[in-house]
Amino acid sequence: MFALTAAAPLMVVGALVSSAWGWVGTTGFPLAFVIIAVVLAVFSFGYVAMSRHITNAGAFYSYISQGLGRPLGVAGALVALLAYNLLQIGLYGAFGFYASLILAEKADVDVKWWILALALWLVVAVLGLLRVDVNSKVLMILLGAELIVVTIFDVIFFSNPDGGSISFEPWTWGALSGAAGPAFAVAVTAFVGFEAAPVFAEEARSKNRTVAAATFLGLGVMVFSYAITSWAAAASIGVDKTVPAAQEMAASGGPFFPTLAEKGGAWAADAGLILLTTSIAAAALSYHNTTARYAFALGRERVLPAFFGRTRARSGAPASGSLFQTVIALAVLVVFAVQGWDPLLNLFFWLGTSGGVGVLFLVTATSLSVIFYFAKDARGEGAWSRLLAPILATIALGYIIWLVVDNFGGLLGFAPGTENAAVWAFPAAYGAVAVIGVIWALILRAVNRSDYDAIGLGAKANTARIEAQAPFADSRS
């Protein structure tokens with residue numbers, strides 16, 4: 001359910017794509033979603049194969065550690081913490097924006113976005129401390145309602161195409177030309193969450209079966225709902241009218257819901273906006289749980305202070321990691337509220353898509369890790385899962401990274417040649433934390449070899465640490 005709920009089709013199309021049409025300047029998102037989904041599916045064969053042999057709440061971190069070495073693993077861990085925090089915190093901006101819009105239109109009540117964002121922040125903080133199965137049941141209910149309503153919306157859009165016929169232009173490469181990099185970055189952001197299953201493997205009843213099912217089923221639900229709904233909406237708005245409309249309506253969230261109200265009636269737009277807010281809330285809870293478990297994994301292995309490796313006695317939830325993410329989110333919300341920055345563009349879109357780019361870096365490094373991990377020992381895995389699929393995925397992901405980084409300014413909505421600190425600040429932040437991670441790993445190796453050797457071992461870390469210290473204890477005795 002954590003993998004599936006990250007799909008959040010209303011959040012992705014109704015908020016992310018509806019805005020990205022204008023900021024990126026293309027309607028080619030259906031094709032971009034399919035291309036990214038194919039690449040991620042190929043990657044997933046190796047990813048799932050590795051999950052059968054490594055069980056760790058810090059999935060990317062652990063896989064990179066055991067495939068490419070502990071220093072790069074720690075670098076990946078810090079990149080993961082930054083990326084997932086950006087993704088999770090960005091959602092508060094979207095929630096506050098749309099919730100305040102609903103209250104203003106339907107109840108004639110003016111509530112600041114940051115007040116409503118803080119309300120969601122409090123709910124997530126409380127749920128994040130409960131058992132994982134409680135969280136998954138909440139997510140299941142929200143996702144079920146959303147998928148039903150999105151299907152109805154697709155029927156409305158396809159039944160009312162602009163000009164009387166459905167255009168297939170969003171499926172052509174021409175629709176992506178000149179904007180492939182930013183479009184791929186948006187698409188990658190939309191798929192974040194498909195990789196979550198191994199993060200919860202330690203809490204699953206049947207790890208091997210559940211991780212594979214959740215990963216591939218999550219990808220399938222995501223690509224189908226994203227591609228169909230973004231195509232249906234653009235066809236109904238008018239393919240040649242979508243980008244101008246999105247640019248004109250940027251301050252109000254784009255043309256998705258106004259078109260839905262026009263073609264399906266006010267009830268459809270109202271239901272959509274309400275479920276959009278619950279979709280955002282569900283995704284915020286999902287990302288919060290993922291971030292908390294990464295912090296837990298790092299605390300348990302002493303990469304972060306051992307405090308982060310503590311769990312809540314009654315629920316087994318990673319309490320310290322959850323509180324850590326909650327505090328960071330509060331600090332960012334306070335800064336945005338005080339500065340008066342735009343919650344949709346600066347908080348949701350900038351932080352969210354930049355977080356997605358960070359996950360893209362991690363997926364690429366993990367794909368490379370699979371190759372090196374199984375090169376030491378095939379462990380019974382076939383050539384496709386342990387070698388061919390990871391090689392193909394690594395090449396494709398590397399090309400996508402080049403496109404994304406080369407067009408990062410366009411991703412943030414800036415015209416070519418525009419000078420803005422944000423264009424280099426986000427990529428530089430990932431580079432900085434990665435370097436810090438490598439340096440910290442080397443320091444650990446120099447001052448505490450037992451902690452260094454436990455990096456990436458997950459639940460086995462404490463056992464390995466005790467075994468490493470046993471000869472020293474024997475010599476003292």
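Remember, predicted model here, so these are calculated numbers, not experimental data.
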When you look at V74 and I64, which way does the side chain to side chain contact (heavy atoms under 4.5 Å, CB included) test go after all the steps?
CA-CA 8 Å; V74 176; I64 296 171; over 6 Å; no
Can you name the residues that form a side-chain hydrogen bond (donor to acceptor under 3.5 Å, both in side chains) with S369, not counting sequence neighbours?
none
Does S236 use its side chain to pair, donor to acceptor, with the backbone of N160 at less than 3.5 Å?
yes
Between A295 and F324, the two heavy atoms sitting closest are CB-CD2, 4.1 Å
What closest approach, in Å, do G76 and L362 show between heavy atoms, and which atom pair accounts for it?
O-CD2, 3.2 Å
Side-chain donor-acceptor contacts of residues 385-403 below 3.5 Å, not counting sequence neighbours, with atom names and distances?
from	atom 1	to	atom 2	distance (Å)
R386	NE	E381	O	3.0
T394	OG1	S367	OG	2.8
T394	OG1	P390	O	2.7

Considering residues at least two apart in sequence or located in another chain, which fulfil the side-chain hydrogen bond (donor to acceptor under 3.5 Å, both in side chains) criterion with K241?
D162
Is there a side-chain contact between W23 and T353 (heavy atoms, below 4.5 Å)?
no
I want to check something: taking the side chain as every heavy atom from C-beta on, are V192 and Y287 in contact at a cut-off of under 4.5 Å?
yes
Rounded to the nearest 0.5 Å, how far does CG of L333 lie from CG of L347?
6.5 Å
Can you tell me if Y294 uses its side chain to pair, donor with acceptor, with the backbone of F60 under 3.5 Å?
yes
Just wondering, do Q325 and Y84 contact through their side chains at under 4.5 Å, heavy atoms?
no
What residues form a side-chain contact (heavy atoms from CB on, under 4.5 Å) with S65, not counting sequence neighbours?
Y61, I455
Would you please test V12 and F29 for side chain to side chain contact (heavy atoms under 4.5 Å, CB included) and show each step?
CA-CA 11 Å; V12 168; F29 287 105; over 6 Å; no
Once rounded to the nearest 0.5 Å, what's the spacing between atom CD1 of I274 and atom OG of S279?
13.5 Å
Using the ring-ring contact (aromatic ring centres under 6.0 Å, His included) criterion, which residues pair with F426? Sequence neighbours excluded.
none
Does T215 reach the main-chain N or O of A212 with its side chain, forming a donor-acceptor pair under 3.5 Å?
no
When you measure from the side chain of S230 to the backbone of A227, do you find a donor-acceptor pair of N or O atoms at a distance under 3.5 Å?
yes
Keeping T229 on the side-chain end and Y226 on the backbone end, is there a donor-acceptor pair under 3.5 Å?
no
Grab the two heavy atoms, one from A75 and one from A434, that are nearest each other, plus how far apart they are.
CB-O, 3.2 Å
For T326, the side-chain hydrogen bond (donor to acceptor under 3.5 Å, both in side chains) test, sequence neighbours excluded, returns none
Minimum side-chain heavy-atom gap W21-I237 below 4.5 Å:
yes
With a 3.5 Å cut-off and no angle check, do the side chains of Q88 and T291 form a donor-acceptor pair?
no
For the residue pair V223 and F194, establish whether any side-chain heavy-atom pair is separated by less than 4.5 Å.
no
Set of residues satisfying side-chain hydrogen bond (donor to acceptor under 3.5 Å, both in side chains) with respect to T26, sequence neighbours excluded:
none
Minimum heavy-atom distance between T189 and G356, given as atom pair plus value:
OG1-CA, 3.5 Å
State the CG-CD1 distance between L87 and I89, to the nearest 0.5 angstrom.
10.0 Å
V370 vs Y63 side-chain heavy atoms within contact, under 4.5 Å:
no
L127, L122, L120 screened by side chain to side chain contact (heavy atoms under 4.5 Å, CB included) with V124, the one that passes
L120
Would you find a donor on one side and an acceptor on the other, under 3.5 Å apart, between the side chain of S354 and the backbone of L351?
no
For residues L368 and T364, determine if any side-chain heavy atom of one lies less than 4.5 Å from a side-chain heavy atom of the other.
no
Qualifying side chain to side chain donor-acceptor pair (under 3.5 Å) pairs, either residue in residues 111-122, two or more places apart:
none
What distance do L273 atom CG and L10 atom CG have between them, rounded to the nearest 0.5 Å?
9.0 Å
Which pairs count as ring-ring contact (aromatic ring centres under 6.0 Å, His included) when at least one residue sits in residues 231-273, sequence neighbours excluded?
F157-F256, F158-W231, F168-W231, W171-W231
Heavy-atom pair of closest approach, residues S19 and L344:
OG-CD2, 4.0 Å
Would you find more than 12 non-hydrogen atoms of other residues, nucleotides or ligands less than 6.0 Å from W384 atom CH2?
yes
Please list, one pair per line, the donor and acceptor atoms closer than 3.5 Å that link side chains of residues 99-109 to other protein atoms, with sequence neighbours excluded.
from	atom 1	to	atom 2	distance (Å)
S100	OG	G96	O	2.9
S100	OG	F97	O	2.7
K106	NZ	D270	OD1	2.8
K106	NZ	D270	OD2	3.3

For F224, does the CZ atom sit with more than 12 other heavy atoms under 6.0 Å from it, leaving out its own atoms?
no
Expected output: side-chain Q66 to main-chain Y373 donor-acceptor under 3.5 Å:
no
Which residues satisfy the ring-ring contact (aromatic ring centres under 6.0 Å, His included) test with W341, sequence neighbours excluded?
F336
To the nearest 0.5 Å, what is the distance between CD1 (I228) and CZ (F33)?
11.5 Å
Could you go through the side chain to side chain contact (heavy atoms under 4.5 Å, CB included) check for V357 and V188 one step at a time?
CA-CA 7 Å; V357 171; V188 168; over 6 Å; no
Can you check side chain to side chain contact (heavy atoms under 4.5 Å, CB included) on F191 and V39, steps first, answer last?
CA-CA 11 Å; F191 282 106; V39 173; over 6 Å; no
Check whether any side-chain heavy atom of F349 lies under 4.5 Å from a side-chain heavy atom of D342, and answer yes or no.
no
Applying side-chain contact (heavy atoms from CB on, under 4.5 Å) to I280 and not counting sequence neighbours gives M11, L91, A94, F95, Y98, L276
For L219 versus S44, what's the shortest heavy-atom pair and its separation?
CD1-OG, 3.6 Å
Whether Y430 and F361 hold their rings parallel, tilted or perpendicular, with breakpoints at 30° and 60°
perpendicular
If I take atom CD1 from residue I156 and atom NZ from residue K263, how far apart are they, to the nearest 0.5 angstrom?
11.0 Å
